[in-house]
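One structure is given here, and the rest of the page talks about it.
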Amino acid sequence: MSSFTKSAQQWATFARSWYLIDARMQPPGKIATMCAIRLQGKHKPIYHALSDVGDHVVVMNSRHIAFSGNKWEQKMYSSHTQYPGGFKQVTATQLHLKDPKAIVKLAVYGMLPRNLSRRTMMQRLHLFPEDDLPEDILLNLTEELPQPREIPRRLNEYSQEEREAFPTLWTP
Amino acid sequence: MVFLTLSCWIRNRGPDRYWKVQEVLSNARHFRGRKNRCYSLAVRAVRRAFVYATKARKIKRRNMRTLWISRIAAASREHGMKYPALMHNLVKSSVEVNRRVLSDLAITEPKSFLSLAKLARAGQQEGFGAALGDGKEPPGVFSRIVTLQ
């Protein structure tokens, strides 16, 4: 790579990549941190806040994210319509049913730095509720990132041999 | 009385007010609003700007260091290590490379940075082995009693 011309090297260094993240059965917070790091460009050694080195991130299956604990019932998203008496509070479930992309979008929005580049970075985040992505985005993708959380398997997804091989405390 | 006619009472005020005003306004030309045109507003704005510039000389050093640290963290995560682990193991291996040089290496000499990351990774694994293992020295290491002066 050092044998290329300087202009080609610079083009390769500052090119904007497209990352794909599958959010099925993943906690939205962990997805959002991965997105925020790559949208800002903090995963690159050439990072600078003013240099606009962020990449595009495509998140698919945002309808199938998985909160841990009781957050689906207890986490509240608040907003105000600016009219008197217009304070609205919805639970995570209600918000997710109304708009399946909103939870991940709000999580990423809160993790980006509070400056004027935040809106540009949000424009580079592409959210899809299911895994059917449009053609032009599929053509742009360069890398798929590994999922942050290992998806646990249900009991009926284990084969009979694995079930027998699992250590038991006592035999009845 | 010295001034006997009216014309001799007229005082000659300073001839160079224009240049004194331009001295201040030239520092304010890139400001927003009337501060870049009107002298009274510009004087206050220019004084604040100079105060900020004086204070910023110390803050610049702090900002540069945070920038180096975030760049080194990004590069070390590319190689599977985290920044605190990298720095601690480099210090333990008595590699006294400062953050400025490390961040420049990460940008322009990626292979050298990779070799430093591998050195730190080896030190980290040795530390894990010493902490979790059975207290025996790993084979091939003849002295671990090397400390920084």
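In the text below, chain A, chain B and the rest are named by the order of the sequence lines, each starting its count at 1. Keep in mind that the numbers below use all heavy atoms, side chains included, and drop hydrogens, waters and symmetry copies.
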*Are Val104(A) and Met60(A) joined in one hydrophobic group, where the rule is that I, L, V, M, F, W and Y side chains link up if heavy atoms are under 4.5 Å apart?*
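As far as the 4.5 Å side-chain criterion goes, Met60(A) and Val104(A) are not connected within one cluster.
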*Say whether Leu119(B) and Leu114(B) are linked into one hydrophobic cluster, either directly or through other cluster members, by side-chain heavy-atom distances under 4.5 angstrom.*
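Hydrophobic grouping puts Leu119(B) apart from Leu114(B).
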*Look at atom CH2 of Trp72(A) and say whether more than 12 heavy atoms of other residues, nucleotides or ligands are closer to it than 6.0 Å.*
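Correct, the count exceeds 12.
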*Is it the case that more than 12 heavy atoms not belonging to Arg29(B) sit under 6.0 Å from its CZ atom?*
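It does: Arg29(B) CZ has more than 12 such atoms within range.
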_Tell me whether Arg77(B) contacts the main-chain N or O of His43(A) through its side chain, where contact means a donor paired with an acceptor under 3.5 Å._
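No, Arg77(B) side chain to His43(A) backbone: no donor-acceptor pair under 3.5 Å.
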*Does some side-chain heavy atom of His48(A) sit less than 4.5 Å from a side-chain heavy atom of Leu67(B)?*
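In short, these two side chains touch, coming nearer than 4.5 Å.
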*Between Pro45(A) and Ala74(B), what is the shortest heavy-atom contact and its length?*
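Minimum heavy-atom separation between Pro45(A) and Ala74(B): N-CB, 4.1 Å.
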